[in-house]
**Q** 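Sharing a structure with you now.
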Amino acid sequence: MRKLWITLTYVVFILLLIIPLVEIVRGSWSEGWSGFTEGLLRQQSLHALKMTALIVVIVTVLNTLFGVMLALYLVRAKWIGPRIKRLLNSLVDLPFAVSPVIGGLMIVLILGPSTVIGTFFEASGFKIVYALPGMVLATLFVTFPLMVREVLPVLQEIGAQQEEAASTLGAYSWYTFWQVTWPSIRWGVIYGVVLTVARSLGEFGAVLVVSGNIMNKTQTATTLVYQDVENFNVVAANGVALVLAAFSVGLLLLMEWAKKRKEVH
Amino acid sequence: MHIEVRNLNKSFGDFHAVQDVSFDIKKGQLIGLLGPSGGGKTSILRMLAGLESPSSGDIVFHGKRVNDLPPQERGIGFVFQNYALFKHMTVYDNIAFGLKVKKQTKEQIRERVMTLVELTGLKGFEHRYAHQLSGGQRQRVAFARALAPEPQLLLLDEPFAAIDAKIRTELRTWLKEMIERVGITSIFVTHDQDEAIEVADEIMIISKGRLEQKGSPWAIYKDPQTPFVASFIGESTIVEDVGALKGFDSAAGKPGTKALIRPEYIEIGKPGEIRLASAALEANVKHIHFRGSEWLVELEVGSVKLVTYRSLEKDVLQPGDRVHVLVHRAYLFNDQESWIQENSLKEDPMPIHI
């Protein structure tokens, strides 16, 4: 009986993870090297990968900055009451609970071209929805809890005493943050960065709704794969998917390494 | 640094942690804040440091009100209960932290750190991290780190709480010597009366956010001003029915008066051992406990329970033995007043002159 369960577990594992991966590799090479490069070097593929890279970089920078700041405020700030802190703390998890598609839809409903704010921004020449800013916002929404949830427990665990000690020794907050707090949360932040990169690399639903999926304009790697599949261009879809998968495996390894370092400290 | 505190109050929500505390500390003194846990001692210390801001009242250093100064500007050193060493820095970098903040030159920093390393007996440990040190060594690092920027006032929060009992006594003596040598005004918080009595020049007894008494350890022991202080300092038992004790009849006349009796106020002996037999009470030995250097004897005088010590040199008592008890003095208190009274029968009524 036990053997059966073990076998079943392996079968599910292979079915879910290994076979799709093998299939992607096989699919992208089914027309040989030329088929693979052709699918990947199409103008829309290069543009989509560029968009994805751009979003990943912007989102990761913003999320790291604001995530660490929010974590610091939620744990340390004395001017925020405990009740508001608790409320903010649970609000942070909202993107985990809400489907990304709905997150994207909310952005369209608030900032879309038919809304007051959207019209205002568009009039001043700054398009949000169906453009890069909206896609960044959507991805930011989806990835926001990742950094806060990594940094917050570390801050709670180390406590405020080392920072207080620094203040009695004459150090102000900026110096204290870099000399005392940062070395303690460093690995948590790195882990959060890896998670954010992985999540924003693969984000599909929210971005699809917000971007409108316009080829060579607002198309990302994931939405391109979706479109290629729709158009039965399986080889190209597999090629782009392979690039994404390769990145993900790399990130996974990085994640394992960061996790180990995080535990050491 | 001369310190003045006037009507200091601190509330955390509904909890009134510190209530109307006022005191003066002269330059160079070593003060112990003593009291039960949760009594507001640490809050007072943190307000002096600027880590907590008072709800009302003034803190004055050197004649200058410092309430609105941040901890960075107060010229204080703070030793935390768990030392709060920077765990990713070596001993050297920990001690150098306050000097680097002041942007001193590398040579100046090196010189000062090495002096302190030498002073605190940490030579050879400069390149270790906090987790590679023993509790006592960590405390020394915390002490050296706090002293490095040459503060005017050193604040120590339960400096010995995290150290095991045996090394604690050793460290106490060391710390007292060190503070005397540096000559810095210091305030430390403790809930351990032995520690306060042994280390401090003056003790401030804090209970429920109030300053009960301030004075030298001997003065507080000899002349406690409130029943709380009397019961907190030293060991004692409270006797509700003063009339049961011989020689305190005048006190028994005042309604509601209770007596607080320390073990060292009581003399016991087998029948005949006590000279002033007329002042002695009959008592029953209830329990005896061996306390390493003496016996702790629990007595029953009628319904009254008393506790005293007996030298190991004297005959060993057994539970159930009948003994004579002489209560030399008692700390008496009621709702209005408190006073110390000697046993009135100790004056031998029939002196025999040979």
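Residue numbering restarts at 1 for every chain, and letters A, B, ... go by the order of the sequence lines. Values below: every heavy atom of this structure, side chains too, minus hydrogens, waters and symmetry copies.
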**Q** Side chain to side chain donor-acceptor pair (under 3.5 Å) with R199(A): which residues, sequence neighbours excluded?
**A**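 Once residues adjacent in sequence are excluded, the partners of R199(A) under the side chain to side chain donor-acceptor pair (under 3.5 Å) criterion are E203(A).
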**Q** Out of P149(B), P71(B), G50(B), return the one with the most heavy atom pairs under 4.5 angstrom to chain A.
**A**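 Winner by heavy-atom pair count: P71(B).
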**Q** Listing request: all salt bridge (charged side-chain N to carboxylate O under 4.0 Å, His left out) pairs with a residue in residues 78-92 of chain A, at least two apart in sequence or in separate chains.
**A**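 Qualifying pairs: none.
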**Q** Heavy-atom count check: over 12 atoms from other residues, nucleotides or ligands less than 6.0 Å from F13(A) CZ?
**A**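 Atom CZ in F13(A) is not crowded, with 12 or fewer foreign heavy atoms closer than 6.0 Å.
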**Q** May I ask you to check whether over 12 heavy atoms, not counting those of F23(B), lie within 6.0 Å of atom CZ?
**A**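 More than 12 within 6.0 Å, yes.
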**Q** If you take all heavy atoms of A84(B) and A165(A), which pair is closest and at what distance?
**A**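 It is O-CB, 4.1 Å.
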**Q** So for L85(B), is it side chain, backbone, both, or neither that comes closer than 4.5 Å to the heavy atoms of chain A?
**A**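 Only the backbone of L85(B) comes within 4.5 Å of chain A.
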**Q** Any chance you could measure L51(B), atom CG, to Q161(A), atom CD, to the nearest 0.5 Å?
**A**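 If I round to the nearest 0.5 Å, the distance is 9.5 Å.
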**Q** Within the supplied structure, the quantity of interest is the number of heavy atoms (other residues, nucleotides, ligands) at a distance under 6.0 Å from Q108(B) CD; does it exceed 12?
**A**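 Correct, the count exceeds 12.
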**Q** Side chains of R46(B) and E164(A), heavy atoms from C-beta outward: is any pair under 4.5 Å?
**A**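 R46(B) vs E164(A): side chains touch.
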**Q** Report which part of D93(B) has an atom under 4.5 Å of a heavy atom belonging to chain A: side chain, backbone, both, or neither.
**A**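 D93(B) has no heavy atom closer than 4.5 Å to chain A.
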**Q** With a 4.5 Å heavy-atom cut-off (strictly below), which parts of residues 169-181 of chain A touch chain B? List them by number.
**A**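 Contacts with chain B: L169(A), G170(A), A171(A), Y172(A), Y175(A), Q179(A), V180(A).
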**Q** What part of K102(B) gets closer than 4.5 Å to chain A, counting heavy atoms only: side chain, backbone, both or neither?
**A**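 No part of it gets close to chain A.
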**Q** Is it the backbone or the side chain of A166(A) that comes under 4.5 Å from a heavy atom of chain B, or both, or neither?
**A**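 Both parts, backbone and side chain.
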**Q** When rounded to the nearest 0.5 angstrom, what distance separates CD in Q162(A) from NE2 in H88(B)?
**A**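 So the CD of Q162(A) and the NE2 of H88(B) are separated by 7.0 Å.
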**Q** So if I take each residue of residues 120-130 of chain B and look for any heavy atom under 4.5 Å from a heavy atom in chain A, which residues do I end up with?
**A**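 Not one residue of residues 120-130 of chain B has a heavy atom under 4.5 Å from chain A.
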**Q** Can you tell me if K208(B) has over 12 outside heavy atoms packed within less than 6.0 Å of its NZ?
**A**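 It does not: K208(B) NZ has 12 such atoms or fewer within range.
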**Q** Within a radius of less than 6.0 Å around CZ of R110(B), do more than 12 heavy atoms belonging to other residues, nucleotides or ligands occur?
**A**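 No, because the 6.0 Å sphere around CZ of R110(B) holds 12 heavy atoms or fewer from other groups.
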**Q** Heavy-atom cut-off 4.5 Å, strictly under: side chain, backbone, both or neither for P70(B) against chain A?
**A**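 Side chain only.
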**Q** Under a 4.5 Å heavy-atom cut-off, does chain A meet the side chain of A148(B), its backbone, both or neither?
**A**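 Neither part; nothing is under 4.5 Å.
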**Q** Crowded around F96(A) CZ? As in, over 12 foreign heavy atoms under 6.0 Å?
**A**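 Yes, because the 6.0 Å sphere around CZ of F96(A) holds more than 12 heavy atoms from other groups.
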